[in-house]
Trainee: 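One structure, as structure tokens, below. Some questions next.
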There are 2 protein chains.
Amino acid sequence: MSKKEALTRAAAELLWERGYTGTSPAMILERAQAGQGSMYHHFSGKAELAVAAMTRMGDELRTGVEKALTAEGPALARVAAYLDLERAPLAGCRMGRLAQDHDVVADPELRAPAADFFTWLTARLSAVLADGVRTGELRPGVDPDAMASLITATVQGGYVLARVHQDPAEFHRAIDGAKQVLAQLTADADEDRPGHPGHR
Amino acid sequence: MSKKEALTRAAAELLWERGYTGTSPAMILERAQAGQGSMYHHFSGKAELAVAAMTRMGDELRTGVEKALTAEGPALARVAAYLDLERAPLAGCRMGRLAQDHDVVADPELRAPAADFFTWLTARLSAVLADGVRTGELRPGVDPDAMASLITATVQGGYVLARVHQDPAEFHRAIDGAKQVLAQLTADADEDRPGHPGHR
DNA sequence: GTCTATAGTAGGATAGAC
DNA sequence: GTCTATCCTACTATAGAC
């Protein structure tokens, strides 16, 4: 593995663990087993290395999400598969957490990889939901953009709650809430709607 | 205003703007127009000052939320009032953003004020929703805890999306999504459910 | 390409005068 | 209580050898 590769990997890990402001070049070098020279040869500095790390992160995240969203089955099942993707609630979202960092938001180059990922994610979720509406699986009144935004926000917020309480269950409670309301979007939701005595 | 008061205020502002790791004692002193001595006389250091600032933040936030949740009217309207509270999406949540900071989560003393606030908030929302179920306004199947968690997460996630895109509209889109699904929780949601041709 | 040495600045806390 | 002066460490980047 090239030093450049090792540096990008180490940077990605540390950005996840400590955020951008909380990560120093020295930490990255130590984890990557590299010297100062390697880093400043391949990158102009901390910011450029972080951009490379974030870009890689985005690619990995997209791959994982795409796998869940393109599976066989109804739209709602695919969205549920996305919600059930393996996650580490206590660690937080690799991308989302960086967006809370002042220095990341202040630098357009740093913000871009994160913004691109969330633009893609929300659009992708919206497309799946719109597909569900088109096939009649979901009620015609369902607003794909608003629901996609709600889902994305719930996941991000779930991470926040899990971290603040240091309890993964808080993440799953929020996800459960999302699943419960998603179940109400189906065209035949009346029957199994909680509280409505369905046929049993 | 005492120096202690000025320091707490300045710290609260800077924690909101830059996060815990991104805020230095020097910045706080400059904004508070105080010297090193004042800070180290009243507080043991950066961490203790941050705890004081966060505790104050929590009190302020609770006051604002309580006002929305105790207003007259049905449970759903009160929750909607909470969702419509004035917010600065691009600035992020004063509490939630700090929970993304590695050093805050790592220190129990720092995490406590944030955890306490979210424990209170979720319980408060859950109580309002449970009240709505009790009065028959909301369907019996509504899960107050899960919905409270969903609402809290949506707000926090909305902040993340707004910041990453540097666009307040992203926050409001997520909030709109939450409002749309909340409207489905009422006992008579069938009539005005989008997609169902109500009486018009 | 990769290394170590060096340097200037800022972070965080202490000492001691007033 | 509040101030300034001082200290040590870490952060970020550069220089120059190999």
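Chain letters run A, B, ... following the sequence lines, proteins first and then strands; every chain starts at 1. Please read these numbers as outputs of a predicted model, since none were measured by experiment.
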Trainee: For dC3(C), take OP1 and OP2 only and decide whether either is under 4.0 Å from a side-chain N or O of Lys3(A).
Mentor: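 True: Lys3(A) side-chain N/O within range (under 4.0 Å) of dC3(C) OP1/OP2.
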Trainee: Would you verify whether the NZ or CZ of Lys67(A) falls within 45 degrees of the ring axis of Tyr82(A) while also being under 6.0 Å from that six-membered ring's centre?
Mentor: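 That pair does not qualify as a cation-pi contact.
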Trainee: With respect to the side chain of His41(B), which nucleotide from dG1(D), dT12(D), dT4(D) is positioned closest?
Mentor: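 So the nucleotide nearest the side chain must be dG1(D).
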Trainee: Between Arg97(B) and Arg163(B), is any pair of side-chain heavy atoms under 4.5 Å apart?
Mentor: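 SC-SC contact between Arg97(B) and Arg163(B) confirmed.
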Trainee: So which one's nearest nucleotide on DNA chain D is more toward 5', His42(B) or Thr23(A)?
Mentor: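 Going by which nucleotide is closer to the 5' end, it is His42(B).
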Trainee: Between Tyr20(A) (OH) and dT12(D) (P), how many Å, whole number?
Mentor: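 The answer, rounded to whole Å, is 8 Å.
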Trainee: Can you tell me which nucleotide in dT14(D), dT14(C), dC3(D) comes closest to the side chain of Gln36(A)?
Mentor: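 Looking only at side-chain atoms, Gln36(A) lies closest to dT14(D).
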Trainee: Students often get this wrong, so: under 4.0 angstrom with heavy atoms, is Met27(B) touching a base, only sugar-phosphate, or nothing?
Mentor: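 The residue Met27(B) makes sugar-phosphate contact but no base contact.
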Trainee: Measuring from the side chain of Ser38(B) (C-beta onward, heavy atoms only), which nucleotide among dT2(D), dT12(D), dC3(C) has the closest atom?
Mentor: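 Ranking dT2(D), dT12(D), dC3(C) by closest atom to the Ser38(B) side chain puts dT2(D) first.
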Trainee: Ignoring the backbone of Pro25(B), work out which of dT12(D), dG12(C), dT2(C) is nearest its side chain.
Mentor: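 Comparing dT12(D), dG12(C), dT2(C) against the side chain of Pro25(B), the answer is dG12(C).
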Trainee: With heavy-atom distances below 4.5 Å as the criterion, would you say the side chains of Cys93(B) and Val155(B) are in contact?
Mentor: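 Cys93(B) does not reach Val155(B) side chain to side chain.
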Trainee: Parallel under 30°, tilted from 30 to 60°, perpendicular over 60°: which one fits the rings of Phe118(A) and His165(B)?
Mentor: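 Rings of Phe118(A) and His165(B): perpendicular, over 60°.
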Trainee: Can you tell me which nucleotide in dG11(C), dT2(C), dC11(D) comes closest to the side chain of Ala26(B)?
Mentor: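 Nearest nucleotide to the side chain: dG11(C).
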